[in-house]
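Quick one: this structure, given as structure tokens, is what I'll be asking you about.
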Amino acid sequence: MTFYTRSTAALLRRGAAPFALALGLLASPAFAQDTASQTPAGQDAQASDESQAIVVTGSLFRRTDTETPSPVTVLTSENLANAGITTMADAIRSISADSAGSIGTGFQTGFSAGGSAVSLRGLGVSSTLVLIDGLRSTNFPINDDGHNAYTDLNSIPFSLVDRVEVLKDGASSTYGADAIGGVVNLILKKQFNGVAGTFEGGVAEQGDAGHVRGDLTVGFGDYDNAGWNFYINGEYQRDGRVTSHSRGFPYNNRDLTSIGGNDGNAADGSLTTNVPTAYVVRVNQTDLNNPLSGGTTPFASGTGFSNYTALGLGNCSTGTYTLTTGGARGTGCKYNLEDMYKELQPLQERYSVNGRLSIHVADNVEAYLTGSYSRSYVSINSIRSAIRNTQPFGANPLVASSNPGVVLPVYICASGNNCATAADRRLNPNNPYAASFTSTDPAAANYAGNGAARIYYMFGDIPAGSDRANEVYRFTGGLTGSFEGGWDWRVEGVYARDELEITQHGLINIAALRQAINTGSYNFVNPAANSQAVRDALSPDKTTPSHSEMYGVDASVSKTLFALPGGPLQLAIGGQIRHEMLENNNQNAALDTYGLTTASAFGAHTVSAAYFELDAPILDVLDVNASGRYDHYSEGFSHFSPKIGAKFTPIKELAIRGTYSQGFRAPTFAESGPRSQYAGFVTTTPPCNFQIAHGGAASGTGCTSGGNAYNLPYSLGRGVAGNPDLEPETSRSFTAGAIFQPVKWLSFTADYYNVKKSNLIVSGPDIGKAVSAYFGAANLAAAQAAVAAVGPGYSVNTVDGIDPLFPNALPRVLIINVPYVNANYAITSGIDLAATADLNLAPGVKFTSRIEATHVFQYDLHVANGVQKYAGTMGPYDLSSGNGTPSWRGNWQNTLDFGDFSISLTTYYVGKIKAVSTDQQAGPNYTTDCSASLYKAPNDGPDFNKFCYVNSFISNDLNLTMRPSDRFSFFFNVKNLLDARAPVAPAAYSSAPNFLTTWHYSGLIGRQYRAGASFRF
């Protein structure tokens, strides 16, 4: 670890000028400190007394010198308060080393919607280990991207955190699996005596994003004198919704023609798009009892075209359009669905209760017991469900309502069965073509098959979204002490259970849709006339519980063996056993609902481990540390993880450090469980040859959609099943750095890192090749054969309904089956920079500045046919929210304390990101050139520079604090002080149009005001 103190973070806030000049960095997420001290490079001022010895993350020893060879960033409660941060998710994800794959609550359409996680070094959330007081907790029951396991940061209480230590180095030698990218260790308060609390409220400048938060802690017992202490803590927080409509263009619209981009909004100009006004066209129906058996080709109204009819067009309040050319003609209603239904921030509510009992059992034995309960609730509003859908993953293709398309029949009846011949049959009022048939003609049923109405429609009257309630129960207990011979010992146990309940609203039941169409119970002409009972029958809520569980025991002993020239030689040995299980239930197990995921994961295992650590201060100026751990998994695999580090201090102002380690990540239950499966989706734009075949046109070096919604970007899925034969991922990492403290008030740290992650567990490494093979084929049979030829496990699972305007052209592919395999390796390298300055300007006046930044030199994925480069781009696009790997991230915090007042400004910086992702290319000629941009405008020129980059982003948070007495303080916080707007990102996922939630979230919400008070007695 680097110096544990306020100086690095301090420089990060105020003495950041040297980095700003040398690195061209204006700001960096700051309040993080790379442990640097006001004392010489080999000693920490805050731990200079033996009684203040602490265990530093990544080590087993208690020490006063917190400078281990590994780089550690420390976030103190003071830093977080100065930054106005109120959740652990925001605190941890502000670390500059958090990179690709990081999950924020604002990403609402992924597998882990409602959860939050950190991804150190961009290696994925399952390669970052999160600990609470050095012990594991259980994972969130839902896996990110269907297979990446992580601890939900939203479930961790904030008000009890004393500090957060972020070990930015491999640590499998101490903690076992998953610590490849690093370790986040949340250190909670050990004792508390008295009463303390905080209450605050706030709102965004636009009147939404209402924020309320409060916490209260009550403690009894003087631990030092009475030998015991007990405290109980509770906290509550609620953050209101923010709609896309409220923030306006470009965050609420897929039409970017006003700024030279593409018109991605088919809802205001296409009659074959599902919108809240129903569009119908006359087709045949092959099975009069099944509305999913509509014909392929609409009846022609003229040469090469068909007239479409809008139902209830008189109810249109947003303007109309008329199409007089093309294959689908008629008048429709203009819609902007993103503006109507999407939101930027969901409703979030969290509360928790926590308690701790500490007892001094004897002179040399201490004990503790903790218990906690937390509940995180997230309510998400989504775009309404469409009537045209593919079948659920794994269901019979015949239940797809999009292939060739759901229809409204000529006749309806009370039973909904055999209506064409039923005694109570009547003409369907939802079908404008039914009037051409007479219900009194006994032969009419013979012709009813030619009067069906293919329908395009979105259920605008049925709200859609999900409610996610996550409850975490966690209990820990431990004993520490010493016995004769100079041995120190420790025994700790932990039990944690995470119960998640997801309730989905607004999704259409397949059988209920058939019944509603055949009985005519649902009014497509005037949806506002539908009763709530009709809506509830068509779209019943779906509630699915899932849970995970973990319990284990960890014990170790340590001893000073003998004295070396630089200090005592210390040895620690220990062992651990833990049990983990997951039951992530299939939300659509009956395959009875359109648009509902079938992802599931199941598994259980027991892990046993033995570990050691040896610390040898060979000389006064040289300390060497070695550690190792052997883990055995009940699935049958084992792994040994070694690590060695050294710190050299030639002069008191300078320390040089470095580490080498090996680690591993065990396959998650979603990846290895034989009952596990998922289908993940990525926004895909059909290539030009496909678009041209569907009415598009070549335009320079690109193409245009030709007004056909079938050519617009859409979600393409990858279907994967668990593979029990997977092996663990392995890693090799090394760091090399220096700590420089030329004067007492100024310190710098710089640490180079290089991580190689091998034997990667990947789903469909050749998916880009498979997609290219499909779209390069002339017809469906050839496309299916081409995908199968990519390799074992690759096949076409589901294709879209035929394009009604070009029924003979190749249909879009919706899901491609891909395998989980161990393949490839990734290398990432970069540098972490930090500085702290801490100046006493005058009596009672103190100025502190801290700056922290990470620059990613490389993030390369080596695949069979080349190298995919991600650093500074939106790659890996398939990972989590697809927000990419910024080349630069940082923060800078400056605080001025004067008397009873303090003012702090925290600046966050994210560098520009190239809108290119090589994992979306087939290779072998992978390129990050703008010619491979994920978003190309038709008139952008041959270099595609206009939208090739997502601009850099700077946001500032201001915090003012007044302390009228030792017992009270009042604060006022302005988040996003300058109201910086999120950069336009047209290449972002279509579910989050034109913005990157991971990096630019504050720029979506805008300026916010918060005020509150704290007290302590």
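Heavy-atom basis, side chains included; hydrogens, waters and symmetry copies ignored. Numbers for residues simply follow the sequence, beginning at 1.
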Please tell me if the side chains of P250 and R981 come closer than 4.5 Å, counting only heavy atoms from C-beta onward.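 Yes. Closest side-chain heavy atoms under 4.5 Å.
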
Tell me, please, which residues at least two apart from F393 pass ring-ring contact (aromatic ring centres under 6.0 Å, His included).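 Counting only residues at least two positions away or on another chain, F393 forms no ring-ring contact (aromatic ring centres under 6.0 Å, His included).
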
Residues which pass ring-ring contact (aromatic ring centres under 6.0 Å, His included) with H211, listed by chain and number, not counting sequence neighbours: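 Partners of H211 under the ring-ring contact (aromatic ring centres under 6.0 Å, His included) test: none.
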
Side-chain touch N530/F524, heavy atoms, less than 4.5 angstrom: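 Result no, sub-4.5 Å side-chain heavy-atom pair not found.
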
I'd like to know if the side chain of S881 pairs up with that of T998 as donor and acceptor (distance under 3.5 Å, no hydrogens or angles considered).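 Yes.
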
Mind checking salt bridge (Lys or Arg N to Asp or Glu O under 4.0 Å) for R514 and listing every partner two or more places apart, or none if nothing turns up?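 Checked R514 against salt bridge (Lys or Arg N to Asp or Glu O under 4.0 Å); zero matches.
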
Quick one: are V281 and T309 in side-chain contact, heavy atoms under 4.5 Å?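 Counting from C-beta outward, V281 and T309 never come under 4.5 Å.
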
side-chain hydrogen bond (donor to acceptor under 3.5 Å, both in side chains) between H694 and N711: does it pass, once the steps are laid out? CA-CA 7 Å; H694 290 262; N711 286 330; 5.0 Å; no

Determine which pairs satisfy salt bridge (Lys or Arg N to Asp or Glu O under 4.0 Å) with at least one residue from residues 239-255, sequence neighbours left out, and list them in order.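 Output for this query lists D208-R247, D239-R1010, R241-E343, R254-E338.
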
Does anything in residues 238-340 pair up under disulfide bond (SG atoms under 2.5 Å apart), and if so which pairs, sequence neighbours excluded?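 Checked against disulfide bond (SG atoms under 2.5 Å apart) - neighbours excluded - the pairs reaching residues 238-340 are C316-C333.
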
I'd like to check L814 versus L716 (side-chain heavy atoms, cut-off strictly below 4.5 Å). Are they in contact?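 Heavy-atom side-chain distance check fails, nothing below 4.5 Å.
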
Just by distance, with hydrogens left out, do S270 and Y456 show a side-chain donor and acceptor under 3.5 Å apart?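 No - no donor-acceptor pair under 3.5 Å links their side chains.
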
How far apart are the closest heavy atoms of N389 and S401, and which atoms are they?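 So the two residues come closest at N-OG, 2.6 Å.
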
Would you check if there is a donor-acceptor pair between the side chains of N708 and D803 at a distance under 3.5 Å?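 Side-chain D/A pair, D803 to N708: present.
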
By ring-ring contact (aromatic ring centres under 6.0 Å, His included) - contacts of F459 (at least two apart):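 Residues passing ring-ring contact (aromatic ring centres under 6.0 Å, His included) with F459: Y457, Y522.
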
Hydrogens and angles aside, do T390 and T798 bring a side-chain donor and acceptor to less than 3.5 Å of each other?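 Side-chain D/A pair, T390 to T798: absent.
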
Looking at every heavy atom in both P713 and T685, which two are closest together, and how far apart are they?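 Nearest heavy atoms, P713 then T685: CG-OG1, 3.5 Å.
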
Validation row: Q391, L591 side chains within 4.5 angstrom (heavy atoms):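 Side chain of Q391 against side chain of L591, heavy atoms only: no contact under 4.5 Å found.
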
Sequence neighbours left out, what passes ring-ring contact (aromatic ring centres under 6.0 Å, His included) with Y877? Give chain and number order.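 For Y877, the residues satisfying ring-ring contact (aromatic ring centres under 6.0 Å, His included) (neighbours in sequence not counted) are Y989.
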
Taking only residues at least two apart or on different chains, which pairs with a member in residues 518-536 satisfy salt bridge (Lys or Arg N to Asp or Glu O under 4.0 Å)?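 Qualifying pairs, neighbours excluded: D461-R535.
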
Over all atoms of both residues, closest heavy-atom pair of D800 and Y710: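 The answer is CB-OH, 3.7 Å.
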
Suppose we screen for salt bridge (Lys or Arg N to Asp or Glu O under 4.0 Å). Which residues come up paired with D268, at least two apart in sequence or across chains?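 Here no residue qualifies.
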
Exercise: identify the closest heavy-atom pair between A453 and V280: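 For A453 versus V280, the nearest heavy atoms are CB-CB, 3.8 Å.
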
Y308 and Y279: CA distance, side-chain angles, deciding distance, ring pair (Phe, Tyr, Trp, His ring centres under 6.0 Å) verdict: CA-CA 6 Å; Y308 285 62; Y279 304 139; 8.0 Å; no

How far apart are the closest heavy atoms of L408 and I517, and which atoms are they?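 What the structure gives for the nearest pair is CD2-CG2, 4.0 Å.
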
Looking at residues at least two apart in the chain, or sitting in another chain, which of them share a salt bridge (Lys or Arg N to Asp or Glu O under 4.0 Å) with K342?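 Salt bridge (Lys or Arg N to Asp or Glu O under 4.0 Å) check on K342 returns nothing, list empty.
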
For Q348, which residues count as a side-chain hydrogen bond (donor to acceptor under 3.5 Å, both in side chains) partner, sequence neighbours excluded?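 Result, side-chain hydrogen bond (donor to acceptor under 3.5 Å, both in side chains) vs Q348: R350.
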
Take T331 and T322 through the side-chain hydrogen bond (donor to acceptor under 3.5 Å, both in side chains) test and state the conclusion after the steps. CA-CA 4 Å; T331 299; T322 300; 3.0 Å; yes

Tell me every residue that passes side-chain hydrogen bond (donor to acceptor under 3.5 Å, both in side chains) with T704, counting only those two or more places apart in sequence or in another chain.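 Per chain and number, T704 pairs via side-chain hydrogen bond (donor to acceptor under 3.5 Å, both in side chains) with no residue.
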
Minimum heavy-atom distance V399-P392, with the two atoms named: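 Heavy atoms of V399 and P392 come nearest at CG2-CD, 4.1 Å.
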
Between Q504 and Q587, is there a side-chain donor-acceptor contact under 3.5 Å, judged purely by atom types and distance?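 Side-chain D/A pair, Q587 to Q504: present.
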
